[in-house]
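Down below is the structure, laid out as structure tokens.
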Amino acid sequence: MNAELQLLWLALMLYTLAGSTAIAAAVLAKRPERIILAVIVIGLAAHTVSLGLRWERLGHGPFITLFEILSSNVWSLLAIYALAYWRVPAVRPAAVVVMPVLFLMMAWLLVTSSVAGHFPPTYRTVWLYVHLLFGKVFLGTVLVAVGVAGLILLRQAGLRVASLTQLPDDVRLEYLAFRFIMVGFIFESLMLVAGAIWAQDAWGRYWAWDPLETWAFATWLLLAFFIHLRVTVRLEPWRSAALIWAVFVLAFLTFFGVPFVSTAPHKGAV
Amino acid sequence: MQTFAVIPARGDWLAAAASSRVTLVLLALLAAGIGATYALDADVTFALSAPLGLLALNLAAAIAANPVFRRNTALLVFHLALLALVVLAAAGRLTYLKGQLELAEGEVFNGQLTQSEAGRWHRSQLERAQFANEGFTIRYEKGVNRAETRNGVRWLDDNGALQRAVIGDINPLVLHGYRFYTSSNKGFAPVFVWHPTGGALRRGTINLPSYPVHEYRQALEWQLPGTNTTLWTMLQFDEVLLDPEQVSQFRLPEKHNLVVRIGEARHELAPGESISLPQGMLVYERLSTWMGYTVFYDWTLPWLFAACLLAVASMAWHFWQKCAAQPWDGDA
Ligand code: HEM
């Protein structure tokens with residue numbers, strides 16, 4: 001096995017270790033946060049080198065095949081969650097929700113072929129990087145919101161582990177989750193704008209309702225709906241939490257499902 | 001018995017039109033419209049324009065009636081930018097042009113499109129956007145995966161000075177607002193010279209079907225200019241031009257023949273050879289290439305971009321104020 005894959009394996013093992021510890025810490029209300037963060041950071045470093053080696057070898061970044069997209073998103077989602085974990089203590093118990101999502105993505109990554117794909121000429125633009133960066137921040141902040149929303153839902157379901165009962169009330173948690181949603185919404189809007197600029201250069205139209213564009217717009221629309229619902233009616237925290245989950249599911253399908261079932265221009269036509 | 005109709009006061013009408021519950025219904029309608037056209041693969045225009053038009057009215061009413069927009073400038077600017085986006089997108093749909101054209105090497109674009117669609121109010125100025133195709137190179141990676149396209153073009157600017165550029169892939173040629181993009185559509189173009197008996201000499205090309213997509217269909221039927229004679233022309237060569245096992249480049253075959261059928265008669269022509277016909281003489285001069293372009297015109301593009309930036313910036317401003325005014329774990 002080459003260094004690229006070895007480092008990826010190492011990173012995934014460290015993530016699993018840190019993630020499991022974070023879940024245990026949340027359930028038992030223990031505080032080994034520094035160790036958890038340190039393990040994640042070492043994992044991210046190994047992962048970064050692995051991604052860099054592949055980039056160097058193939059001459060393009062991790063954004064062509066499902067393997068590359070999963071790998072780079074595991075990296076960015078963990079980086080953003082780790083940042084939130086470090087800065088916002090109330091987000092830490094959300095590891096119970098966030099880590100299993102990431103574990104699923106890692107498992108999926110492990111069964112995905114790492115064979116290189118074709119790098120289309122339309123991908124040689126700075127707008128691709130801008131678009132992807134905004135998209136990654138969007139998904140990362142929504143994932144943090146989903147974690148907090150998951151805590152509300154777990155409490156609603158009657159789960160009474162220590163760290164859950166010590167957290168602020170549902171109304172406050174909902175507002176915390178919504179703060180991440182607000183950041184996510186800004187970045188999703190930016191992602192759509194950067195994508196449209198790229199599409200104008202690459203395919204001569206800024207918007208054509210191809211499957212990926214349609215799904216991404218549906219996610220944006222659901223967010224707009226959610227934001228207005230929140231100011232229009234008194235939304236119970238658990239309903240708000242469920243809507244945040246719906247947004248995440250839609251975004252997840254857009255990122256990891258649609259590009260691989262459709263053969264539309266976003267795949268870079270021959 | 002007398003009945004009195006209840007006539008709402010003007011303010012009530014406005015309040016109803018501005019209702020944020022209406023916004024929710026319309027957003028859901030918009031999503032449903034998009035979902036339905038996506039699932040049915042239908043034309044998206046009506047499913048979009050109806051809810052978007054109603055949303056714009058709803059928003060305009062809200063801006064007029066809802067005091068929150070007077071208290072909160074960021075929110076007001078954001079929603080105004082949204083309104084501008086809808087108006088600009090509609091204006092764009094009414095005035096855009098999207099089309100396709102083909103130019104053989106050396107040929108000058110004369111405004112003729114092979115295919116086009118345009119908004120109802122598009123006023124074509126395509127004849128001003130003249131440019132010539134100076135030929136192209138296209139690199140292919142293994143597996144005949146198309147890599148970079150480089151296409152030389154030249155045109156005269158407004159001062160009559162000759163300008164040159166290389167376009168291709170993500171770099172269009174922009175002339176008078178018209179954006180010309182190279183496309184995956186390109187191929188071989190035999191060049192003929194037609195000497196009609198007693199008439200003036202004419203040089204012309206025919207664009208064979210796109211290569212390599214139609215690799216095994218390099219034939220075309222066409223009519224000799226000024227006659228009723230139909231010719232069937234096929235390009236014939238043995239070489240492998242684009243080898244899937246190697247990195248390669250689009251190029252002309254080193255050796256080729258042109259099969260020309262007129263009625264029952266069949267001719268095989270090498271470059272420089274000719275056929276005598278009752279109406280004149282047809283010379284097959286040489287093999288060249290043609291490039292297919294898409295053209296796109298939409299004057300709203302920079303304004304849309306500005307409205308997007310304004311929308312995102314004001315939304316960020318609003319969220320910032322909101323978060324600053326109310327800490328998440330403080331007293332509500
Ligand atoms: C089309 C009709 C629309 C109307 C009538 C409308 C109206 C409103 C009103 C009245 C508010 C203020 C709520 C309050 O703080 O009391 C608001 C907030 C907001 N609207 Fe809209 N809006 C419309 C469309 C949109 C769309 C399409 C978006 C896109 C996302 C949007 C995004 C927002 C945001 C981000 C807020 C701030 C919410 C918050 O502070 O939590 N609006 N809207």
Do A:R230 and A:F178 meet the cation-pi criteria used here (NZ or CZ under 6.0 Å from the six-membered ring centre, within 45° of the axis)? yes
Turns out that what part of B:R21 lies under 4.5 Å from chain A's heavy atoms comes down to both
Proximal component of B:K98, with respect to chain A [non-hydrogen, under 4.5 Å]: side chain
Any chance the rings of B:F180 and B:F296 have centres within less than 6.0 Å? no
Please state whether the side chain, the backbone, both or neither of B:A147 comes within less than 4.5 Å of a heavy atom of chain A. backbone
For A:I197, which atoms come within 4.5 Å of any heavy atom of chain B: side chain, backbone, both, or neither? side chain
Considering only heavy atoms, which portion of A:Q200 lies under 4.5 Å from any heavy atom of chain B: side chain, backbone, both, or neither? both
Which of the residues B:D298, B:L309, B:L301 is involved in the greatest number of heavy-atom pairs with chain A at under 4.5 angstrom? B:L301
Listed by chain and number, what are the salt bridge (charged side-chain N to carboxylate O under 4.0 Å, His left out) partners of A:D170, not counting sequence neighbours? A:R155
Centroid separation A:F134 to A:F138 less than 6.0 Å: no
Engaged part of B:E148 at the chain A interface, taking heavy atoms whose separation is under 4.5 Å: both
For this output row, return yes or no: ring centroids of B:F136 and B:F250 closer than 6.0 angstrom. yes
